[in-house]
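Before any comments, here is the structure.
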Amino acid sequence: GRGVTSVIFARRLVRPLRQITDAAQGIRRGDYQQAIPITMHNEIGILVEEFNEMTGTVQDALGRLTREEKKLSSVLNSVAEGIVYLDLDRKIVLTNPAAEHLLGLPDDAAGKVVDELLDPAVVEELFSRERGARRRARPVSTEVSLAVGDETRALKVVSSAVTAGDDSPIGTVYVLDDITREKEIEQMK
């Protein structure tokens, strides 16, 4: 009798542990809708309960992040200035439609090195290494004249270092303001 009891007990123990393992693997694949039925009311049951609470918390946090991301991306999309964020390896982390339009960048530019996407002269003018990430608190502003395709545009470029929590630089954000029209009006006067 004792052998049978221990086999049944082992089975009852293994099932929820396997469910936890499967659910954990699901989460690793990005499926956060994991809830395990609580069938035992011992330590395993408590573990399952904790696990379910944890996945609930993760889902809430992800929901919040998604909402924040949507807000951020709608702000970025509606800003008139071009925004380009480069990491320390000069890879594009983020651009907005205004920057893509101004520079003729593809919308899948993220992850690519800026030097490989744009004319070297354009890169030198806008994203020169001197203007790159430093610990400076103050943004640097310059005006550049830029030939994109067959038109020449006047741009005001403001570059600011992006820093991590410990103030170490992790990249540079560039704000590109097309001031061609203002320049033309100025010259008319």
For [Y], is there any backbone N or O sitting under 3.5 Å from a side-chain donor or acceptor partner on [X]?
| X | Y | answer |
| --- | --- | --- |
| T57 | E53 | yes |
| D177 | E81 | no |
| T180 | A154 | yes |
| N77 | S73 | yes |
| N52 | I36 | yes |
| R64 | Q59 | no |

Q. Just checking, any donor-acceptor pair under 3.5 angstrom between side chains of Q34 and T55?
A.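 No.
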Q. Salt bridge or not for R153 and E151, using N-O below 4.0 Å?
A. yes
Q.
Tell me whether K183 is salt-bridged to E143, with the criterion being a basic N under 4.0 Å from an acidic carboxylate O.
A. yes
Q. Hey, quick one: are V79 and V173 part of the same hydrophobic cluster, counting side-chain heavy atoms closer than 4.5 Å, chains of contacts allowed?
A. yes
Q | pair L47-I20: side-chain heavy atoms closer than 4.5 Å | A | yes
Q) Would you call S141 and K156 a side-chain contact if the rule is heavy atoms closer than 4.5 Å? A)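 Sidechains of K156 and S141: in contact.
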Q: Return yes when atom CD of E69 has more than 12 non-hydrogen atoms of other residues, nucleotides or ligands closer than 6.0 Å, and no otherwise.
A: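 Counting other residues, nucleotides and ligands, CD of E69 stays at 12 neighbours or fewer.
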Q. Between G171 and L88, what is the shortest heavy-atom contact and its length?
A. N-CD2, 3.8 Å
